[in-house]
Number of protein chains: 2
Amino acid sequence: MIISVDIELKILDDLMQKIIAKKFKVGEKLPSENELADQYRVPRTTVRRTLAKLEERGFIYSRRGVGRYINNESFQVELNLNGKSSFTDKMKKSGHQLITKNICCERIEFDQQIYDQLTANSEDNIYKISRLRFIQEEPIAIHTSYINQTVFPDIQEDGSHIQSMFAYYRQLGYTELINRNSLLSATFPTLTEQQLLSCKSMEPLIMIESNCVDASSAKILEHTKVLYRSNKFKYNVSRDS
Amino acid sequence: MIISVDIELKILDDLMQKIIAKKFKVGEKLPSENELADQYRVPRTTVRRTLAKLEERGFIYSRRGVGRYINNESFQVELNLNGKSSFTDKMKKSGHQLITKNICCERIEFDQQIYDQLTANSEDNIYKISRLRFIQEEPIAIHTSYINQTVFPDIQEDGSHIQSMFAYYRQLGYTELINRNSLLSATFPTLTEQQLLSCKSMEPLIMIESNCVDASSAKILEHTKVLYRSNKFKYNVSRDS
DNA sequence: TCAGCATATCTTGTTGCCAAGTTATTGTCT
DNA sequence: AGACAATAACTTGGCAACAAGATATGCTGA
């Protein structure tokens, strides 16, 4: 089946398989660029490009003058994408200490897509509220809520203190909260996201967009964008659990 | 917030944003390496590394001696991850012409994880059946089913012809088919997967693992691994739809 | 013996030059 | 004027030499 393939891709594949199969231990030093170049009979440049890819994927890191090392992979949290409960509750229930840090609460410029999702008028004030989530000191997700001020008049003052949007809504009498139109996609982090989530440029993120609706009043409470560091989670998408 | 950042990451982010915001048209030629190097006031090497990343992500391609061009992004299919119907049915229902190509039907060596999922004995024969899925001539997903021969005695002969596993099961009297323990994760393609899906090494794939169970007989019919080209889909994970 | 310093030898990172490929222009011959 | 060939001016790709950083070794002097 495989006929002729770029040797560079073969090397990447080989190293990748070895890392996944734990042929290298965590923290272990990889062979030097020159050693690898000799092993695979390729110029050092080729090896360097390959190692760079592994670094961008977050599997290894390099120390100038010293060598390259395998990253520790830390933990992986199971996350049920179907559950009705909020992210805060889900994490508490599964025994993970979740820390939330508010990073932004500001009015946004007009954005067709978001205004459509909220069925907002173009002169409505829409606020963007972002929270950064930590587990075990590690940033793992960014939650961003877009909220219409006509629905929540005090949002400008309240926004920068809210830890859990669900709790805020319940407090205001919205109790039957459901998520609609949840869409999942994979992206790469922007520069800001890389810094907030302290991740590399080639670590894919899972993005979930949805609308939160109160069933009894049929009001659209918020449009949500959540960015998860994909390798920190195992996403349960079962219907039944 | 942003204090000091690697200029290289800034360039990648900048180009990435411009591509997403459609500042470059499809098929349009990017500025040459030297032009970009002058624009950003960096050595050509830096620009080259950045452009290489964009290429690995599948956004641009290069023609030696000519230049670099924006890739066309083709289509994006909406896929409901919750629905009970099979992938084949889902695609038909949403009006997409799906073509399936059987690429593998063979007995596998013992694998703890897979045998566990199937609750198989270590001496059972497990067959791996893989199908490549095409939409509009483009490969978009690999479906792999692991099947116990004690449950399906004729699987070795039948395996290489099956287009839809669900149809096969129904034909054999299993009608109440449900998926259990569906787990979603993001990975990068192996070399073989890159070739089959004709994608670049840094295009993330969405993998969904699950078990197919017949509710009435409570038999585990198969363990499934599906690999989707992440950028070809919008995944609907709503509860209600 | 031991502390401290210089050095040799590893590592990864950077840079500049040349090779290879393509295209448009220019020159030349009929 | 038109066909064709040489050439110049771009493009991307590759490589080798060098720079910079870290570490271990060995030397020197007290």
Side-chain angles (χ1 to χ4, degrees), chain A residues 4-16 18-19 23-72 191 194 200-202, chain B residues 4-16 18-19 23-72 191 194 200-202:
Chain A
S4 80
V5 185
D6 190 353
I7 179 74
E8 193 169 333
L9 291 175
K10 274 192 189 172
I11 298 174
L12 176 64
D13 200 60
D14 190 52
L15 289 174
M16 199 64 214
K18 279 181 183 166
I19 291 175
K23 296 264 166 113
F24 302 111
K25 284 169 193 156
V26 168
E28 185 178 333
K29 190 174 165 184
L30 288 173
S32 77
E33 296 176 359
N34 282 316
E35 282 182 84
L36 288 171
D38 290 346
Q39 266 183 44
Y40 291 108
R41 311 277 181 80
V42 291
R44 192 165 77 98
T45 327
T46 309
V47 171
R48 280 181 63 74
R49 270 198 303 270
T50 304
L51 291 170
K53 285 189 193 177
L54 288 178
E55 189 171 343
E56 288 148 22
R57 289 186 187 184
F59 290 100
I60 63 173
Y61 65 94
S62 74
R63 286 177 54 199
R64 181 171 186 171
V66 184
R68 295 189 135 92
Y69 297 86
I70 304 281
N71 264 329
N72 55 343
L191 194 48
Q194 284 167 45
K200 309 294 289 186
S201 63
M202 289 292 191
Chain B
S4 81
V5 185
D6 189 354
I7 178 74
E8 193 169 332
L9 289 176
K10 274 192 189 170
I11 298 173
L12 177 65
D13 198 60
D14 189 53
L15 289 174
M16 200 65 213
K18 279 181 181 163
I19 292 175
K23 295 264 166 106
F24 302 110
K25 283 168 194 157
V26 168
E28 184 177 336
K29 189 174 164 182
L30 289 172
S32 77
E33 296 176 359
N34 282 317
E35 283 182 82
L36 288 171
D38 291 345
Q39 267 183 44
Y40 292 108
R41 312 274 181 82
V42 290
R44 191 167 75 99
T45 329
T46 308
V47 171
R48 279 180 63 73
R49 269 198 303 269
T50 304
L51 291 170
K53 285 187 193 177
L54 288 177
E55 189 170 342
E56 287 148 25
R57 289 187 187 184
F59 289 101
I60 63 173
Y61 65 94
S62 74
R63 286 178 55 198
R64 182 171 185 172
V66 185
R68 294 190 138 91
Y69 298 86
I70 304 281
N71 264 330
N72 55 343
L191 192 49
Q194 285 168 46
K200 310 293 287 185
S201 63
M202 288 295 193

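Numbered from 1 within each chain, the chains take letters A, B, ... in sequence-line order.
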Of A/Ile11, A/Leu15, A/Thr46, the one forming a side chain to side chain contact (heavy atoms under 4.5 Å, CB included) with A/Leu51 is A/Leu15
What does the B/S/- profile of nucleotides 14-21 of chain C look like, 5' to 3', with a 4.0 Å heavy-atom cutoff to protein?
BB-B-BBB
Is the closest side-chain heavy-atom distance between B/Ile7 and B/Tyr40 below 4.5 Å?
no
Can you list everything that forms a salt bridge (Lys or Arg N to Asp or Glu O under 4.0 Å) with B/Asp38? Sequence neighbours excluded, please.
none
Supply the atom-to-atom distance A/Leu54 CG to A/Leu12 CG, rounded to the nearest 0.5 angstrom.
5.5 Å
Write down the atom of B/Leu191, the atom of A/Leu9, and the distance for their closest heavy-atom approach.
CD1-CB, 3.7 Å
Residues pairing under side-chain hydrogen bond (donor to acceptor under 3.5 Å, both in side chains) where one sits in residues 60-69 of chain B, two or more places apart or in two chains, turn out to be B/Glu33-B/Arg68
Where chain B begins and ends its contact with DNA chain D, read 5' to 3' at 4.0 Å from heavy atoms
D/dT11 to D/dG14
Axis-to-axis angle for the helix from C/dT1-D/dA30 to C/dT30-D/dA1, ends of five pairs each, to 10°, equals 40°
Interatomic distance where CG belongs to A/Asn34 and P belongs to C/dT9 [whole Å]
15 Å
Whole-Å distance separating the CD1 atom of A/Ile60 from the C1' atom of C/dT11
14 Å
Quick one, A/Arg57 with B/Met202, criterion side chain to side chain contact (heavy atoms under 4.5 Å, CB included). Give me CA distance, side-chain angles, the key distance, then yes/no.
CA-CA 9 Å; A/Arg57 289 186 187 184; B/Met202 288 295 193; 3.2 Å; yes
Return the set of residues passing side chain to side chain donor-acceptor pair (under 3.5 Å) with A/Lys18 (not counting sequence neighbours), or none when no residue passes.
A/Asp14
Output yes when at least one side-chain N/O atom of A/Ser62 is less than 4.0 Å from OP1 or OP2 of C/dT12, else no.
no
After noting the C-alpha distance and the side-chain angles of B/Thr50 and B/Val42, does the key distance pass the side chain to side chain contact (heavy atoms under 4.5 Å, CB included) rule?
CA-CA 11 Å; B/Thr50 304; B/Val42 290; over 6 Å; no
Test your reading of the model: is there a side-chain donor-acceptor pair from A/Lys29 to the backbone of A/Val66, 3.5 Å cut-off?
yes
